[in-house]
Structures are given as C-alpha cells and as structure tokens.
Amino acid sequence: MKKVFETAQAALDGVLEDGMLIAAGGFGLCGIPELLIDGIVAHGAKNLTVASNNAGVDDFGLGKLLATRQISKMMASYVGENAEFMRQYLSGELELEFNPQGTLAERMRAGGAGIPGFYTKTGVGTVIAEGKDVKSWGGQDYILEEGIFADLSIVKAWKADATGNAIFRKTARNFNPPAAMCGKVCIMEVEEIVPVGSLDPDHIHLPGIYVHRIIQGTHEKRIEQRTVRTA
C-alpha cells in the first residue's frame with residue numbers, strides 16, 4: 001500500500017470532516033506538524049476537537065486553527081504562549097479540557113494500546129478530579145482517566161522510511177509517538193524519507209504499522225522563547 005503523498009492537502013484528502021477529534025503531536029513549537037496544520041486550515045474543516053500539549057503561538061502551529069475559529073474544543077496541558085487561545089477561552093468562545101501533561105500523554109498512549117481507561121494519582125484533590133471515579137489502593141486515592149481514541153492523528157518525525165517506521169529528535173519524541181498511536185488514521189510529515197531497510201530497527205521510535213500516510217517537506221523550526229546571554 002502506497003503511503004507517501006506529495007503534499008499535505010493530498011494526504012488529508014478524504015480524511016478530514018467537521019467535528020473530528022484530532023490528536024496533534026509536538027511540544028511547544030518543537031516537532032509540530034506545521035504542514036498538516038496548514039493543510040487543515042486550507043481545507044476549512046470546523047468544529048474540531050484537538051488534543052495536544054499546547055496550541056502553538058498566535059501565528060504559528062495550532063494557533064492558526066484558533067485564528068480561523070476551526071477549533072471548538074482544546075484538550076491541552078498548557079496555554080501560556082498563545083494570547084488568542086487565552087482570549088477565546090476566557091470569553092467563552094472555546095471549550096477547554098485541562099489535562100496534566102503526563103496524563104495527556106498517557107491518555108493518548110492508552111488509546112493506541114486499546115485501553116479505555118486507567119487510574120492515576122495525578123490530579124487527586126484538585127479540580128482535575130471533579131466528576132471522575134475515585135478508587136483507593138494501598139490507602140491512596142486514584143482517579144479514572146479515559147484513553148483518547150482520535151479520528152485523526154497528525155504528527156511530525158525527523159526521519160522515516162516509506163512504510164512509516166519513524167525516528168523523532170529529542171523533545172519531539174514527547175508527544176508525537178503517543179499521538180500517532182491513538183488515531184484511527186495517522187498522517188505523518190517528515191524532514192527526510194529514507195530507503196526502506198536503512199533505519200536500524202533498534203533506533204525506531206514508532207513502527208510503521210501505526211502510520212497510514214506520509215509527506216516530506218521543508219519546515220520553519222521556530223524558536224518559541226529565544227534566550228541568549230548579553231554580549
């Protein structure tokens with residue numbers, strides 16, 4: 001089965017629809033599927049729920065989908081770098097489901113493993129626990145969190161072969177693999193597509209069985225917060 005497509009628009013063709021739950025990889029502006037996000041903006045699909053660590057910045061990454069009002073709900077851990085995200089949430093225009101960072105990653109991983117729910121101590125005694133089932137083990141409370149089963153996963157890798165076996169670089173490995181795993185369809189953009197068999201099997205972070213479509217492209221690689229020493 002051919003997995004490699006020429007453009008983001010071609011890879012997204014026939015997949016996008018209104019009201020989808022999309023799991024998006026990346027951490028801050030590191031390892032985000034920026035080309036696929038631009039493709040979704042161009043498509044115009046709306047009323048989207050997006051599960052991602054954060055929503056980019058005002059003019060980049062998922063921030064573009066917020067600007068076009070295509071996202072109606074965010075499932076995220078962090079909103080601090082996106083003024084439009086905060087504005088829409090505080091004005092009641094955007095629904096927000098806060099998740100502790102590790103819990104969000106595990107919810108994605110659980111969905112990819114076919115696990116509908118798990119119990120965790122994270123969030124016990126806070127607003128995160130409100131309305132959730134609580135059980136005790138060894139004298140300590142744990143709350144039930146549900147696995148995320150996304151309609152579509154969009155992720156970015158450093159290298160991949162044409163079957164989808166992928167390697168992620170450094171921080172980009174945080175959310176991209178679990179986000180890729182939990183989608184019914186996974187589309188991955190990569191910096192470099194290498195020949196099949198050229199990747200060391202012990203170095204592969206995501207097996208190609210999870211990946212349905214692949215594109216290669218040029219990426220901007222912005223720095224979210226540039227910190228330098230004075231001269």
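A salt bridge between Lys132 and Glu145 is present, with a side-chain N of the basic residue lying under 4.0 Å from a carboxylate O of the acidic one. Salt-bridge annotation for Glu84 and Arg69: present, with a side-chain N of the basic residue lying under 4.0 Å from a carboxylate O of the acidic one. Taking a cutoff of 4.0 Å between a charged side-chain nitrogen and a carboxylate oxygen, Glu191 and Arg169 do not qualify as a salt bridge.
For Thr171, the side-chain hydrogen bond (donor to acceptor under 3.5 Å, both in side chains) test picks out no residue, with sequence neighbours left out. Under the salt bridge (Lys or Arg N to Asp or Glu O under 4.0 Å) criterion, Glu189 pairs with no residue at all, not counting sequence neighbours. Considering only residues two or more places apart in sequence or on other chains, Asp18 meets the salt bridge (Lys or Arg N to Asp or Glu O under 4.0 Å) condition with Lys46. Applying the side-chain hydrogen bond (donor to acceptor under 3.5 Å, both in side chains) test to Asn53 and every residue at least two apart in sequence or in another chain returns Gln101. Checked against side-chain hydrogen bond (donor to acceptor under 3.5 Å, both in side chains), Thr227 has no partners two or more places apart in sequence or in another chain. Partners of Glu17 under the salt bridge (Lys or Arg N to Asp or Glu O under 4.0 Å) rule, at least two apart in sequence or in another chain, do not exist in this structure. Residues meeting the salt bridge (Lys or Arg N to Asp or Glu O under 4.0 Å) test with Arg109, sequence neighbours left out: Glu106.
Pairs passing the ring pair (Phe, Tyr, Trp, His ring centres under 6.0 Å) check and including a residue from residues 139-187, sequence neighbours excluded, read Trp137-Tyr142. Sorted by first then second residue, the side-chain hydrogen bond (donor to acceptor under 3.5 Å, both in side chains) pairs that include residues 197-209, not counting sequence neighbours, are Arg173-His205.
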Enumerate donor-acceptor pairs with a distance under 3.5 Å from any side-chain N or O in residues 178-186 to protein atoms, sequence neighbours excluded.
none

Show me the donor-acceptor pairs, under 3.5 Å and distance only, between side chains in residues 28-43 and residues at least two apart or in other chains.
from  : atom 1 : to     : atom 2 : distance (Å)
Glu34 : OE2    : Glu220 : N      : 2.8
Asp38 : OD1    : Lys64  : NZ     : 2.9
His43 : ND1    : Ala45  : N      : 3.2

Determine all donor-acceptor pairs shorter than 3.5 Å in which one atom belongs to a side chain in residues 112-120; sequence neighbours excluded.
from   : atom 1 : to     : atom 2 : distance (Å)
Tyr119 : OH     : Asp133 : OD2    : 2.4
Thr120 : OG1    : Thr122 : N      : 3.1
Thr120 : OG1    : Thr122 : OG1    : 3.4

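A distance of 12.0 Å separates OH in Tyr89 from NZ in Lys73, rounded to the nearest 0.5 Å.
Between the side chains of Ser77 and Asn99, not a single donor N or O lies within less than 3.5 Å of an accepting N or O.
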